[in-house]
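In this text, all values refer to a predicted model and were calculated from it rather than measured experimentally. Numbered from 1 within each chain, the chains take letters A, B, ... in sequence-line order.
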Amino acid sequence: MIRTVFLFAALACSSAVQATAQASSIPTNRQISTVALAKVLQLGKQNPLVIQVGSHTLYTQAHIPGSEYMGPANTAGGIERLRQRVESLPRDRFIVLYCGCCPWSHCPNIEPADRLLQGMGFTNVKVLFIASNFGADWVDRGYPTAKGD
Amino acid sequence: MRRILWIVVVIVIAAFLVRRMSSRSAQGHNATARAMQKPVAPDFTLPQLDGQKLTLSSYRGKVVLLDFWATWCVPCRGETPHFVELQQKYSDRGLQIIGVSMDDSPDPVHPFVQQFHVNYPIVMGTAKTGEQYGGVLGLPIAFLIDREGRIVSKHVGATDAAVFEKEISTMLSSH
């Protein structure tokens with residue numbers, strides 16, 4: 001029992017630290033709302049490269065049409081795949097990152113992905129702000145969705 | 001006069017009995033209708049971490065808490081110790097928690113299960129499993145399933161352990 005309580009307390013602390021770091025580290029001027037992204041995609045003028053940095057099981061169930069799956073960016077494999085995908089692109093390429101696995105403040109993938117692209121010198125990166133999860137904030141609102149790999 | 005009185009008494013008693021029986025029958029129908037309104041939990045057979053298959057329908061007769069989670073999901077990690085406690089506390093009364101990991105690989109799940117002393121089976125979920133349950137497009141999502149295999153409630157997002165415990169206790173007591 002004591003061990004469980006201790007474990008839970010340790011988890012809660014680490015979660016709080018993690019959540020704070022993730023939530024506060026992406027400035028609002030680099031975020032894009034679901035409404036704004038849906039409009040960008042609908043107009044079809046800016047042609048952003050949309051990248052999903054969450055899990056494959058979530059991507060396969062539903063994703064933004066045309067978006068590319070890179071894998072969870074909090075894993076070495078996911079972050080490396082993302083690096084390889086973008087390294088040859090012009091640094092002013094319009095890129096949109098999204099995940100939606102969890103509530104915004106708890107997403108473990110968005111911040112590492114954004115940090116990587118910032119570190120590589122990309123100047124036109126937007127991160128899709130998903131408050132709750134991809135299902136509630138994108139699919140349930142009727143925005144375009146695709147299934148499968 | 002006395003005969004008429006007796007006939008009236010018999011009619012009143014008969015009317016009372018008929019009404020009571022029809023009322024019970026209606027209650028029974030309502031209970032059945034209510035049960036029918038609850039959707040049957042979609043069945044699945046998925047591999048556990050040790051490779052053995054787990055079939056959800058084989059747990060009929062138990063109250064099942066079906067938890068969709070992942071190791072990278074921070075709220076899920078917070079719920080796990082509570083689920084371990086609930087499993088331990090209510091196992092004898094017929095509770096079975098089943099974790100459906102939505103991790104892309106079992107690799108991070110193995111150490112997680114050991115670290116948290118998870119005392120209930122974990123299966124590796126797929127996109128198909130998620131779709132069967134209406135789309136698992138955010139974690140955690142938990143379903144409470146009654147002993148007849150019907151979904152009683154769905155909890156999206158981190159849920160207070162007391163909420164689960166209250167529901168589970170009620171479900172375990174109702175049979």
Can you find a heavy atom in the side chain of Met102(B) that is under 4.5 Å from one in the side chain of His56(A)?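 When only atoms from C-beta onward are counted, His56(A) and Met102(B) do not touch, as no gap falls below 4.5 Å.
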State, with a plain yes or no, whether a side-chain heavy atom of Asn133(A) is found less than 4.5 Å away from one of Val156(B).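 Result yes, sub-4.5 Å side-chain heavy-atom pair found.
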Assigning hydrophobic clusters by single linkage (Ile, Leu, Val, Met, Phe, Trp, Tyr; side-chain heavy-atom cutoff under 4.5 Å), is [X] placed with [Y]?
{"X": "Ile32(A)", "Y": "Val127(A)", "result": "no"}
{"X": "Met124(B)", "Y": "Leu46(B)", "result": "no"}
{"X": "Ile122(B)", "Y": "Phe116(B)", "result": "yes"}
{"X": "Tyr120(B)", "Y": "Val123(B)", "result": "no"}
{"X": "Phe68(B)", "Y": "Leu56(B)", "result": "yes"}

Please report the shortest heavy-atom distance between Thr57(A) and Ala127(B), naming the atom on each side.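 For Thr57(A) versus Ala127(B), the nearest heavy atoms are O-CB, 3.8 Å.
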Give the minimum heavy-atom separation between Trp72(B) and Pro108(A), together with the two atoms involved.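 It is O-CG, 3.2 Å.
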Residues in residues 68-86 of chain A near chain B [non-hydrogen atoms, under 4.5 Å]: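 So far as heavy atoms go, Tyr69(A), Pro72(A), Asn74(A) are the residues that approach chain B to under 4.5 Å.
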Using a cut-off of under 4.5 Å for heavy-atom pairs, which of Gly148(A), Gly135(A), Gly100(A), Ser132(A) has the most such pairs with chain B?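 Greatest number of close heavy-atom pairs with chain B: Gly135(A).
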Glu87(A) atom CD, neighbour heavy-atom count above 12 within 6.0 Å: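 Count over threshold, so yes.
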Applying a heavy-atom distance below 4.5 Å, give me the residues of residues 130-139 of chain B that approach chain A, sorted by number.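 Answer by number: Gly130(B), Glu131(B), Gly135(B), Val136(B), Leu137(B), Gly138(B), Leu139(B).
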